[in-house]
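Structure first, commentary second.
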Amino acid sequence: MADELKNKGNSALSAGNIDEAISCYTEAIKLDPSNHVLFSNRSAAYCKAERYTEALADADECVKLAPNWTKGYTRKGAALEFLGRFDEAVGVYEDALQKEPNNAQLKAAMENAYSQAGNKAFFNPFADPKLMDRIQKSPKLRSYLSDPDFRLKLQMMQQDPSKLGQFIQDPRVMACVSELLGVNLDDAMNGAGGDAQDDKMETDAAASPPPPPKEEPKPSASADQSLTEEEKKANALKEQGNSAYKAKQFDQAIELYKQAMELAPTNVSLYTNTAAVRFEQQRYEDCIAECQKGIEIGRENNADFKLIAKALARIANANVKLGNLREAKRYFDKSLSEHRAPDVIKRAQEIERQLKQLEEQAYINPELAEEEKAKGNEQFSNGKFPDAIRHYSEAIRRNPDDPRLYSNRAACYTKLMEFNMALKDCDTCIKKDPKFIKGYLRKGACLMAMKENVKAAEAYRKALEIDENCQEAKEGYMQAELGTNDEQRRQAALNDPEVQDILSDPAMQMILGQMQKDPKAVAEHLQNPQVRTKLQKLIDAGIPITMSGVKVVICGGGNGAHVAAGLAALNGADVRMMSTFSDEAERISAALAANNGLLRVTYTDAGTTKELDAKLSVVTKDPAVAGKDVDLILLVVPAFAHAGYLRALLPNITPGTVICGMPGSPGFPFEVDGILGPELSAQVTLMDWATLPWACRLLEFGRHVEVLGTKESMRGSVRLGTVPSRVDPVPCLQSLLGQRPVLNASGHILGITLGSVNQIVHLAVMYGQWYNWDGKGLPESPLFYQGINEETGSLLNSMSAEICALAKKISDTQGVDLKSVLHIYDWYMDCYGKDISDKSTLATSMRTNASYRGLRHPTVVGEDGLHRPNYGYRYMTEDVPFGLVITKGIAEIFQLPTPNIDRVLAWSQKQMGKEFVRESAGGRVCGSDIGMTRAPQRYGLTTVEQVLGVPKQ
Ligand code: NAD
């Protein structure tokens, strides 16, 4: 029974009924699951059906059932080759050859797999994940990366190594292959010449002069010895035949091959060579007959399957010449089932495409299309949309150039809420006839349904360009505009490559810059239709024209700087990222260059994640490049690095420049004033923000940064300069950062310094834990917030009260607004109220703040495994010189005693081995390490006026 099914399967397979064959073998396997031949046959059938994974599984089973039966290995090798796993195939053939060392077919198969494996490795150097690094490191190749076109090619080849063939003409690609593989490519290419020539003969037979039949490899001396006298003579005659063929002496060639056949009747290549001659003579039927003979003889004599494949492909080519494309396709497929030669694969695909095209063309009939359309219209009016789609689709097949058909089908898809299909049809409709207004109207309606108001407005606007009186377009446009909120606009714009291109166009940047400075220039630029279209695009995209092109220097190259640069660029700014830190700027530039110049920002906000790609104008270490005509300097680095950037950019800071610390951190205004000097600092505008707007981290340096969360609002303060700034500081920054955090700027700029909580919290908790420490190591690091006792809480209370008293004194005496300076308890309730479970005292609030759970003291672990306090941690190294010393310095100028702050400062500087306040001078801020701080005294600011800054607010 199983045998019967097997035979039925075999017959079905020979007749090309692959599915039937597979089901026969499957039934047979159910009856006889230990029959290895059934698995072998089904594997062959799966291969023919191009179901290679299943073919491999069956071959595996076959080998398992009959480990000494080499055919199973052949099947397995073939399946692996089809799957492109040539290395593994080689291994399988090797195993088989151990069992049957003289099997010529196995040897040939192994050689083939081996050469394919080699080819694969040879031709796939671009699959190396470190490709960009390697190119970047190569002095010879590095410069190519500056060309976006080249980078695009690299990217395409990385994704699809077969693209190499397409780009190999580019000498730079060739140079990469040479260098990456460490081979002399010229040699390698020349070595492959013989095959290439032969391929040409098979596919371009009409070309003249005809290329010679494939030169069989010359038999080696030892091989020659194993040949019979007849075979040697036959080879000599074949050689002569090949020469005659090359000389276009076709009849002579035929005669010589014939004589050779008499001596070596089983030599398949004599038949395929004869066929090649017939092909050149345009005697295609004879060519086919000759190949058929060769195949028959080859099969009987276990000839190399590559020769059989070649004969089959030649039959296919002859059929192409005879116009029998279908037959040609059949033979190409047969050839491929023997051996997957790349040129035959390509040829088969091409013929398939031509066949499809011919079929489509033959089907065209505009009259029938009209009939189908009418039927579609009827079904549409009856509300039978799927039926209408069926008729419209048929009409499209009958007349694919009629735009109305796509538009009608789009209407059906919209009704069925298949918006993507509808959009596709609208786009095709518009492509077929860009003046056909319905295409835009349908597109607008569809986009409205998808809540893509920005894009819908654009579609309706295009409809209005065709007919300005079209009521449907007018109404659609208005509705789309009404329903569009700024955030939607911005988000749509962020991902729109057209917007990105406009913003990175230097000419447009100049125009936008000019328009910012001189609103009258707007009217002038709108005269130019091209500029007008681009400006309209920006306006539609919700990018405030007055903000676009703002020249922003982002100082820094860390997490925050990447986010700030990316968002500002996405929001239209001319972003220059500047890092003076080591070789950071170069590394960022290189990473960007390897990523098509795009910086990716993964932005999670309100539960939604967006991937945004930004284009920065430049990344540089050079302040002259970054600072040219700068409008806004955004410092996104830790406070200790501010001074370096300010000094570097000083020559580019002019009256009207905005300088912004984000975060500014305590003492920021003093540092700016100290570095700029009283005159210039009075003319610039300062913004000081209490923190960074985001929790963020770099995923890939220079290429990809992730925003994990964005603050709802951000507290800051602005000090306006005597010269108006070139951009309106807060709205400008807001539009560069996006809608969140809401920027909340209020009060005097000193409020941010005095209101900083880290300076008291970190230091009070450190002091509380360690001031009377006995010096013995602890088995584990104590909990930082959860571990504080009432005494520490009370100390913190008192320090905060001293700062509040200072703020009050300044406000009362100087009439400035320092309401942003909150007592620490109120601050906790504001920020963490809902996370705190016991609000009875400051200490209990901190201990029961869920957000602080588990945080521990910074410690160093000694060789004894015990923990001791780490006074080199930023809680000390930053919060003293860039925190508490500054507050102490201000209090000193305002002559307000601060005994609790003094106590903590004295202890802290002792642990740090520094002198910021001098005990011998009554605890004044004049210690020998004052130069490390941002205290006003360090910059020689010693009067109330100086501390308040100029001009007074
Ligand atoms: P980061 O550590 O990633 O950035 C440090 C960057 O500062 C460096 O990459 C470099 O560009 C620059 N820098 C450091 N030393 C320098 C030097 N000597 N010369 C020149 N440049 C130097 O920091 P970040 O995460 O971007 O944070 C920036 C500020 O924001 C920090 O003060 C941080 O405490 C604060 N902050 C960060 C986050 C966050 O989620 N990343 C959250 C809140 C606050």
Side-chain angles (χ1 to χ4, degrees), residues 553-568 575-592 599 601-605 616 618-623 626-627 633-650 660-668 671 675 687-716 733 737 740-741 752-753 755-759 761-762 831 851-852 855 858 873-883 886 932 934:
V553 178
I554 306 286
C555 297
N559 307 298
H562 277 77
V563 179
L567 293 185
V575 174
R576 302 93 179 266
M577 193 180 197
M578 172 176 159
S579 170
T580 53
F581 185 55
S582 179
D583 61 350
E584 197 171 56
E586 284 159 35
R587 289 191 293 125
I588 297 172
S589 295
L592 280 176
L599 169 63
V601 184
T602 297
Y603 195 97
T604 301
D605 190 19
L616 314 187
V618 72
V619 179
T620 179
K621 186 179 198 139
D622 184 350
I633 295 170
L634 200 52
L635 294 140
V636 196
V637 287
F640 65 80
H642 286 170
Y645 287 98
L646 289 169
R647 286 204 183 91
L649 285 165
L650 190 54
C660 172
M662 193 175 78
S665 308
F668 178 63
E671 185 149 56
I675 291 172
M687 283 200 278
D688 189 356
W689 298 99
T691 181
L692 193 69
W694 323 279
C696 56
R697 61 181 177 152
L698 274 163
L699 294 180
E700 258 183 289
F701 185 76
R703 290 166 79 134
H704 192 177
V705 65
E706 181 179 23
V707 176
L708 302 155
T710 304
K711 294 193 165 56
E712 279 300 326
S713 67
M714 187 165 78
R715 202 164 47 84
L733 184 65
L737 300 183
R740 291 202 312 144
I752 303 301
T753 291
S756 159
V757 293
N758 286 351
Q759 59 180 333
V761 174
H762 291 158
C831 297
S851 314
Y852 284 170
L855 296 174
Y873 194 66
R874 66 182 167 85
Y875 290 172
M876 307 285 280
T877 56
E878 285 182 20
D879 292 320
V880 176
F882 293 90
I886 302 161
M932 286 175 60
R934 296 215 286 199

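Each ligand, and each atom within it, is numbered from 1 in the order the structure gives.
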request  = Tell me, with the steps shown, if Phe668 and Thr753 meet side chain to side chain contact (heavy atoms under 4.5 Å, CB included).
outcome  = CA-CA 8 Å; Phe668 178 63; Thr753 291; 5.7 Å; no
request  = Show the numbers, then the answer: is there a side chain to side chain contact (heavy atoms under 4.5 Å, CB included) between Tyr603 and Leu567?
outcome  = CA-CA 10 Å; Tyr603 195 97; Leu567 293 185; 3.7 Å; yes
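Nearest heavy-atom pair, Leu599 versus His562, reported as atom, atom and distance to 0.1 Å: CD2-O, 3.4 Å. Nearest heavy atom pair, residue Lys621 against residue Ala585, reads N-CB, 3.7 Å.
In terms of modelled atom types and a separation under 3.5 Å, the side chain of His642 and the main chain of Val637 share a donor-acceptor contact. Within the 3.5 Å criterion, the main-chain N or O of Ile675 finds no donor-acceptor partner in the side chain of Arg647.
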Polar pairs, ligand 1 vs protein, N/O only, below 3.5 Å.
{"unit_1": "ligand 1", "atom_1": "3 (O)", "unit_2": "Asn559", "atom_2": "N", "d": "2.9"}
{"unit_1": "ligand 1", "atom_1": "3 (O)", "unit_2": "Asn559", "atom_2": "ND2", "d": "2.8"}
{"unit_1": "ligand 1", "atom_1": "9 (O)", "unit_2": "Gly558", "atom_2": "N", "d": "3.2"}
{"unit_1": "ligand 1", "atom_1": "9 (O)", "unit_2": "Glu584", "atom_2": "OE1", "d": "3.4"}
{"unit_1": "ligand 1", "atom_1": "9 (O)", "unit_2": "Glu584", "atom_2": "OE2", "d": "2.6"}
{"unit_1": "ligand 1", "atom_1": "11 (O)", "unit_2": "Gly557", "atom_2": "N", "d": "2.7"}
{"unit_1": "ligand 1", "atom_1": "11 (O)", "unit_2": "Glu584", "atom_2": "OE1", "d": "2.5"}
{"unit_1": "ligand 1", "atom_1": "21 (N)", "unit_2": "Tyr645", "atom_2": "OH", "d": "2.8"}
{"unit_1": "ligand 1", "atom_1": "25 (O)", "unit_2": "Asn559", "atom_2": "ND2", "d": "2.8"}
{"unit_1": "ligand 1", "atom_1": "26 (O)", "unit_2": "Asn559", "atom_2": "N", "d": "3.2"}
{"unit_1": "ligand 1", "atom_1": "26 (O)", "unit_2": "Gly560", "atom_2": "N", "d": "2.7"}
{"unit_1": "ligand 1", "atom_1": "40 (O)", "unit_2": "Cys696", "atom_2": "N", "d": "3.0"}
{"unit_1": "ligand 1", "atom_1": "40 (O)", "unit_2": "Cys696", "atom_2": "O", "d": "3.4"}
{"unit_1": "ligand 1", "atom_1": "41 (N)", "unit_2": "Cys696", "atom_2": "O", "d": "3.4"}

